[in-house]
Number of protein chains: 2
Amino acid sequence: MASKIQGARQRARGEITTAIKDEARRHLADEGAARLSLRAVARELGMVSSALYRYFPSRDDLLTALITDAYGAVGAAAEAARAEAESVADSHLVRWRAVCRAVRAWALEHPHEYALIYGSPVPGYEAPPSTTQPASRVGLALLGILRDAHTSGALREPARTAAAPEAVLKDAERLVGDLGVQLPAAVAAEAVAAWSQLFGLVSFELFGQFTNVVAAREAFFDHAVERLADQVGLRR
Amino acid sequence: MASKIQGARQRARGEITTAIKDEARRHLADEGAARLSLRAVARELGMVSSALYRYFPSRDDLLTALITDAYGAVGAAAEAARAEAESVADSHLVRWRAVCRAVRAWALEHPHEYALIYGSPVPGYEAPPSTTQPASRVGLALLGILRDAHTSGALREPARTAAAPEAVLKDAERLVGDLGVQLPAAVAAEAVAAWSQLFGLVSFELFGQFTNVVAAREAFFDHAVERLADQVGLRR
DNA sequence: TCTGAAGCGAGAGCAGTGCTCTCGTTGCAG
DNA sequence: CTGCAACGAGAGCACTGCTCTCGCTTCAGA
């Protein structure tokens with residue numbers, strides 16, 4: 001893109017756009033996605049509600065922007081945790097733990113943004129295809145760790161119970177092909193399961209299902225993460 | 001249907017209450033919880049919106065009623081599946097599969113009700129204590145299967161990786177005490193993890209995270225359920 | 001340098017929402 | 001039979017998302 005130097009107008013547009021998103025995020029944390037009010041956001045910014053439509057064509061588009069940003073934020077947190085673990089220890093298990101914990105930590109810090117992306121889909125709206133790429137970053141981080149472990153021979157064969165059925169392996173094959181990750185399909189299949197189960201743990205904690213069930217949240221999570229690591233072939 | 005309901009006042013009250021809930025459920029299936037409109041429900045029922053407040057003091061109370069019903073419905077589905085499996089086969093693994101599949105099947109049939117209870121918590125509202133009892137029915141069904149397996153000696157010691165840490169075992173101990181289920185704490189701890197991971201699988205499928213990732217949904221789920229069973233000590 | 005088009009914010013307005021209050025009516029327990 | 005409590009209807013309040021029109025400002029091309 002041969003982008004010119006931004007004029008005052010374009011720069012202002014960018015700044016106002018992020019100001020709107022920031023204010024919206026603040027409102028999100030206050031009362032959740034369903035009660036996010038365009039008018040309230042505009043009011044707080046000293047604008048009139050109609051002016052806001054110059055930046056986001058609808059409320060759902062604002063939400064989509066927040067969703068994309070949130071996926072980016074968890075993804076970045078996961079990647080950062082992985083990179084840091086790589087610089088500290090050689091163990092793939094340590095990296096696996098680091099990414100899982102980073103996801104949980106981010107969720108606890110941004111519960112409403114987490115709910116936005118991993119909770120019920122908002123009203124009547126379909127996630128546009130533009131969100132699928134940032135949505136896959138956490139999964140990619142996990143798969144990347146497994147690939148490293150695999151290439152360095154640190155991976156146990158995951159099939160301890162029955163092997164995954166043909167259809168599942170086929171999906172996994174296609175997935176590693178799409179993502180360009182060098183990994184046996186059997187491992188990838190277990191990784192996808194572990195990935196979704198990881199978010200099951202985080203969601204249940206965050207959405208209140210652990211009330212009166214689990215008190216030692218962090219210890220419980222860490223233990224479950226060890227099990228997931230085992231399930232995926234990262235032997236301890 | 002705006003059919004007039006006659007009869008004793010109390011009966012009419014009961015019938016109208018369920019009519020409101022039914023209509024609300026229908027609207028729920030159409031456009032999701034966030035867009036559930038009291039006025040629209042009343043309109044469909046041939047009432048005026050204010051009349052509806054005689055039955056539910058607020059929109060959130062209507063949602064709470066729907067939530068409680070939904071928990072009851074999944075719980076009933078899970079219990080029915082368990083009972084039917086018990087009458088058919090002696091295998092505890094078969095019962096475990098049956099309950100897990102019943103949960104998924106119910107979720108696929110009632111996606112919006114599922115989102116209501118296992119998705120993001122609605123707006124600014126806290127689940128009242130009255131929902132925690134029906135919310136635990138699925139978990140109880142799973143724990144019950146494990147207890148039966150345990151008392152009949154069909155349970156493998158689940159600790160294959162490290163044992164659960166002290167704090168986790170203590171929680172599990174308290175849990176089996178509260179529920180009156182005779183089960184080793186180590187097993188209960190794994191069961192809670194498996195329980196939340198089960199819903200991670202269902203939620204990811206239902207909320208669209210498996211788009212472009214998993215195509216053979218049922219096979220994938222079934223395979224993951226086998227892994228969960230293994231994790232929990234139900235050897236195959 | 002001038003000018004016309006595009007971008008912008010303000011304001012009014014529409015249809016819809018949750019919720020409250022008041023008003024007649026009606027069922028039923030005492 | 002009567003008095004009260006429950007009921008449905010309706011008006012109204014404050015709020016929402018969104019549209020449209022109006023002038024002002026910016027900026028690119030002539």
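Every chain is numbered from 1, with letters handed out A, B, ... down the list of sequences. For clarity, every value in this text was computed on a predicted model and none was experimentally measured.
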Rounded to the Å, how far apart are A:Arg35 CZ and D:dG17 C1'?
16 Å

Under-4.0 Å side-chain N/O to phosphate OP1/OP2 contact, B:Arg43 with C:dT17
yes

B:Ile16 atom CD1 is separated from D:dC7 atom P, nearest whole Å, by 8 Å

Check: B:Ser50 side chain, D:dG8 base, donor-acceptor under 3.5 Å:
no

Does NZ belonging to A:Lys21 count more than 12 external heavy atoms closer than 6.0 Å?
yes

Find the distance A:Leu52:CG to D:dT16:C1' and express it as a whole number of Å.
14 Å

Please check if the side chain of B:Ser120 supplies one atom and the backbone of A:Ser120 the other of a donor-acceptor pair under 3.5 Å.
yes

Would the base of C:dG16 count as contacting B:Arg39 through its side chain, where contact means a donor and an acceptor less than 3.5 Å apart?
no

Whole-Å distance, A:Arg13 CZ to C:dG9 C1', equals 13 Å

Which nucleotide wins on minimum distance to the side chain of A:Leu38, given the candidates C:dG18, C:dT17, D:dG17?
D:dG17

Within the 4.0 Å heavy-atom criterion, would you say A:Ser49 contacts the bases, only the backbone, or no part of the nucleic acid?
base

Between B:Tyr55 and D:dG8, is there a side-chain N or O to OP1/OP2 distance below 4.0 Å?
yes

I need the CZ-P distance between B:Phe56 and D:dG8, as an integer number of Å.
13 Å

Using a 4.0 Å heavy-atom cut-off, does A:Ser37 contact any base of the nucleic acid, only the sugar-phosphate backbone, or nothing at all?
sugar-phosphate

Look at the aromatic rings of B:Phe204 and A:Trp195 and report parallel, tilted or perpendicular, splitting at 30° and 60°.
perpendicular

By the 4.0 Å heavy-atom rule, please label B:Leu36 as base, sugar-phosphate, or nothing.
sugar-phosphate

Check this one for me: any side-chain N or O of B:Arg54 less than 4.0 Å away from OP1 or OP2 of D:dG8?
no

Rounded distance (Å) that lies between atom C1' of C:dC8 and atom CG of A:Leu45:
15 Å

Would the distance check show the side chain of B:Arg59 and the main-chain N or O of B:Leu36 forming a donor-acceptor pair, the cut-off being under 3.5 Å?
yes

Using modelled atom types and a 3.5 Å cut-off, is there a donor and acceptor pairing between side-chain atoms of B:Ser203 and backbone atoms of B:Gly200?
no

Given atom CZ of A:Arg11 and atom P of D:dC27, what is their separation to the nearest angstrom?
11 Å

Side-chain N or O of B:Arg59 versus OP1/OP2 of C:dT17: is the shortest distance under 4.0 Å?
no

Atom OH of A:Tyr53 and atom P of C:dA12 are separated, to the nearest Å, by 18 Å

